[in-house]
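Here's the structure, in structure tokens; my notes come after.
In listed order, ligands and their atoms are each counted from 1. Since the structure is predicted, the reported quantities are computational estimates derived from the model, not experimental observations.
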Amino acid sequence: MTNKYMYFIANWKMYGNTKSLNTLDKVIKFSKSKEINKGRLIYCPPFTLLSSFSKKFQNCLIDIGAQNCHESNDYGPHTGFINSKMLKNVGANYVIIGHSENREKGETDKIINQKIQSAIKAKLKIIFCIGETLKQKKNGKTKSVLRKQIKYGLNKISKKTNLFIAYEPVWSIGTGKIPKMKDLEQTVKFIKSNFKEKKPKILYGGSVNPNNIKYLKTIKELDGFLIGGASQNSKKFIDIVKKTYN
Ligand code: 13P
């Protein structure tokens, strides 16, 4: 049982359409109940649904985030892209940056760093994703990979920035596998040790579900979870929250 203020962030990835809005009623009702008075629910739907989610959550405390942004904070000729000002304009308060699914497609630490800078200018809160691949883990490179992602991703970013770091081992995303609790505990401590001044909030992401949350919630240093697949099912999402507190 935890008494800590925890963040439950739903990353819907490239799923969802206007019909999905109906599935949120259950979560809205839950968000108003006493069971969640110690935590924060945040939905990161695809860009196309940001505006409707924002309207849907008008009268409750559920917050909204986007899944990415362009590295430029200005308007400009970038066909198919969206900047952080535009996200703020439709109600987003958070943005996920550096997700491994984008890193895999060529998003570099440098671009990630520029995106973080632009999101700070737009006053978005940043959910900065880091994590090692299976190969890197097997080669004992986890710490050096994370250190590098933190160093370059956060280059010249003010130490005072309000940051969420989502530790998402790439081999855990969508696979049903989660790290051994001892390893996870050490990794979370290691991530925090990279910050001398203001410590970021640390989230875990990768196959979080209503069954394994009983293990994950035992990691005291965690401030919450970034949840993919299970977050698209309101019942599962609510179960994860409830089980974190029970
Ligand atoms: P899954 O929960 O589906 O493994 O996805 C995790 C994730 O990538 C969240 O950003």
Below the 3.5 angstrom mark, is there an N/O of I227, backbone or side chain, next to an N/O of ligand 1? no
Should the heavy atoms of other residues, nucleotides or ligands under 6.0 Å from NZ of K243 be counted, would the total exceed 12? yes
Using 30° and 60° as the class limits, which term best fits the ring planes of F237 and Y43: parallel, tilted or perpendicular? perpendicular
Return yes when G205 approaches ligand 1 closer than 4.0 angstrom through a heavy atom, no otherwise. no
Would you say the side chains of Y15 and S20 form a donor-acceptor pair under 3.5 Å? no
Flag if over 12 foreign heavy atoms under 6.0 Å of NZ, K4: yes
Would you mind telling me if ligand 1 is within reach of the side chain of N11, the backbone, both or neither, using heavy atoms under 4.0 Å? side chain
Should G228 be counted as touching ligand 1, given the test is an N or O pair under 3.5 Å? yes
Side chain or backbone, does H99 bring an N or O within less than 3.5 Å of an N or O on ligand 1? yes
Answer with yes or no whether A230 contacts ligand 1, where contact means a heavy atom under 4.0 Å from a ligand atom. no
Is it true that N73 and S84 share a donor-acceptor pair across their side chains at a distance under 3.5 Å? yes
Short N/O distance, under 3.5 Å, between L226 and ligand 1? no
Within the supplied structure, the quantity of interest is the number of heavy atoms (other residues, nucleotides, ligands) at a distance under 6.0 Å from K13 NZ; does it exceed 12? yes
For atom 7 (C) of ligand 1, what is the nearest protein heavy atom, given as residue, atom name and distance? E168 OE2, 3.2 Å
Before signing off on this row, confirm whether K13 and ligand 1 have an N or O atom pair separated by under 3.5 Å. yes
